[in-house]
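The structure under discussion appears below in the form of structure tokens.
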Amino acid sequence: MAHGEVTEIIPASSHAVFDLIHDYSRRLEWDTLLRAAYLVDGHAVAEKGAASVCVGRRSLGGIALKTVYVTFDRPTLAAVKMVNQPPFFQSWAASIHHEDISPSESRVTYKFQFTSRPRGLRFLLEPLMGRVFLWETGKRLRALKTYFVRLTAGRES
């Protein structure tokens, strides 16, 4: 099983960051990994038990992960697990923890784990996929930070 963790300091409160991350109508405003993100199965808002689909960029294979929120504790923690069987993934889960540092700054820690398939290629796939996912997760958290920097700069103008 592969796993990883990425942390970023965001210039916004954990409430603001948590709400933006889980607002699927705004997800593509900042998320560099995805080309589509939406709630499914009759869910209108993210919450425990809600299902979502996130479709990766075509350059990363365009894989769609359908996940279900197993934890949704605003504004500190959300966790999801994969419920479909896309190519190359046997299992996948992630959590994002939010911690206020000050009223206008918070720490976001994203943790993920997955098992690749086919089983016979795990020795090759998991290290490679894990490195790509770590890099992409860092990139998307930096994009989230940039989004809030721009938002804050716009308010100060």
Side-chain angles (χ1 to χ4, degrees), residues 1-40 43 45-47 50-72 74-89 91-101 104-116 125-157:
M1 179 175 292
H3 57 87
E5 179 177 317
V6 179
T7 299
E8 187 67 57
I9 304 298
I10 309 292
S13 71
S14 59
H15 280 85
V17 177
F18 188 98
D19 289 348
L20 179 65
I21 287 173
H22 303 289
D23 182 345
Y24 285 79
S25 68
R26 299 180 64 202
R27 186 67 170 267
L28 300 183
E29 291 176 18
W30 64 270
D31 197 323
T32 58
L33 178 67
L34 304 178
R35 66 181 167 103
Y38 48 92
L39 294 167
V40 294
H43 297 281
V45 296
E47 60 188 352
S52 68
V53 173
C54 291
V55 183
R57 294 187 329 260
R58 283 184 176 86
S59 62
L60 294 171
I63 294 172
L65 294 183
K66 181 177 181 183
T67 61
V68 171
Y69 280 94
V70 295
T71 302
F72 196 86
R74 181 182 184 266
T76 58
L77 179 66
V80 295
K81 69 175 182 176
M82 183 183 77
V83 295
N84 64 336
Q85 290 290 308
F88 304 109
F89 288 96
S91 66
W92 183 90
S95 67
I96 189 159
H97 182 261
H98 303 262
E99 175 186 10
D100 279 324
I101 297 170
S104 61
E105 193 173 54
S106 60
R107 177 180 295 109
V108 174
T109 302
Y110 185 98
K111 296 180 182 182
F112 66 89
Q113 65 182 34
F114 67 88
T115 304
S116 67
L125 291 174
E126 288 184 2
L128 176 62
M129 291 167 64
R131 280 192 294 277
V132 169
F133 206 79
L134 270 174
W135 186 78
E136 286 293 337
T137 301
K139 183 178 166 184
R140 65 200 297 214
L141 290 185
R142 287 188 302 276
L144 178 65
K145 178 179 184 173
T146 299
Y147 181 92
F148 277 102
V149 166
R150 289 183 184 144
L151 190 64
T152 302
R155 288 185 191 146
E156 293 173 357
S157 311

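For reference, positions follow the sequence shown, starting with 1.
The two residues V40 and S52 have their closest heavy-atom pair at CG2-N, 4.1 Å. Annotation for A46 and Y24: closest pair CB-CE1, 4.2 Å, computed over non-hydrogen atoms. Taking both residues in full, the closest heavy atoms of I63 and P86 are given as CG2-CB, 3.5 Å, listed atom of the first, atom of the second, then distance. Across all their heavy atoms, V68 and V83 have their closest contact at CG2-CG1, 3.7 Å.
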- Pair T32-R142, side chain to side chain contact (heavy atoms under 4.5 Å, CB included): steps then yes or no: CA-CA 9 Å; T32 58; R142 287 188 302 276; over 6 Å; no
- Message: Quick one, Y110 with E8, criterion side chain to side chain contact (heavy atoms under 4.5 Å, CB included). Give me CA distance, side-chain angles, the key distance, then yes/no.
- Response: CA-CA 9 Å; Y110 185 98; E8 187 67 57; over 6 Å; no
- What's the verdict on side chain to side chain contact (heavy atoms under 4.5 Å, CB included) for V132 and W135, showing C-alpha distance, side-chain angles and the deciding distance? CA-CA 5 Å; V132 169; W135 186 78; 5.8 Å; no
- Candidate pair Y147 and I10, rule side chain to side chain contact (heavy atoms under 4.5 Å, CB included), full reasoning: CA-CA 9 Å; Y147 181 92; I10 309 292; over 6 Å; no
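Note that CD of Q113 is 10.5 Å distant from CD of E126, once rounded to the nearest 0.5 Å. Between the CZ atom in F112 and the NE2 atom in H3 there is a gap of 9.0 Å [rounded to 0.5 Å]. The NZ atom of K81 sits 14.0 Å away from the CG atom of L65 when rounded to the nearest 0.5 Å. Rounded to the nearest 0.5 Å, atoms NE2 (H15) and CZ (R74) are 4.5 Å apart. Rounding to the nearest 0.5 Å gives a distance of 12.0 Å between CZ of R35 and SG of C54. Atom CD1 of I96 sits about 7.0 Å away from atom CG of L144, to the nearest 0.5 Å.
Residues E99 and H97 form a side-chain contact, since some pair of their non-hydrogen atoms from C-beta on lies under 4.5 Å apart. In this structure, K145 and P11 have side chains that are in contact, with non-hydrogen atoms separated by less than 4.5 Å. Side-chain contact between L77 and S95 is present, with heavy atoms from C-beta onward closer than 4.5 Å. The shortest distance between side-chain heavy atoms of S106 and D100 falls below 4.5 Å. Side-chain contact check for Y38 versus R27: every heavy-atom pair is 4.5 Å or farther apart. At least one side-chain heavy atom of M129 sits under 4.5 Å from a side-chain heavy atom of F89. You'll find the side chain of F18 stays beyond 4.5 Å of the side chain of T76, heavy atoms only. The shortest side-chain heavy-atom distance between T109 and E5 falls under the 4.5 Å cut-off.
For Y69, the ring pair (Phe, Tyr, Trp, His ring centres under 6.0 Å) partners are H22, F72, not counting sequence neighbours. Legend: residues meeting salt bridge (charged side-chain N to carboxylate O under 4.0 Å, His left out) with D23, ordered by chain and number and at least two apart, are absent.
Using a 4.0 Å cut-off between a side-chain N of Lys or Arg and a carboxylate O of Asp or Glu, E136 and R57 qualify as a salt bridge.
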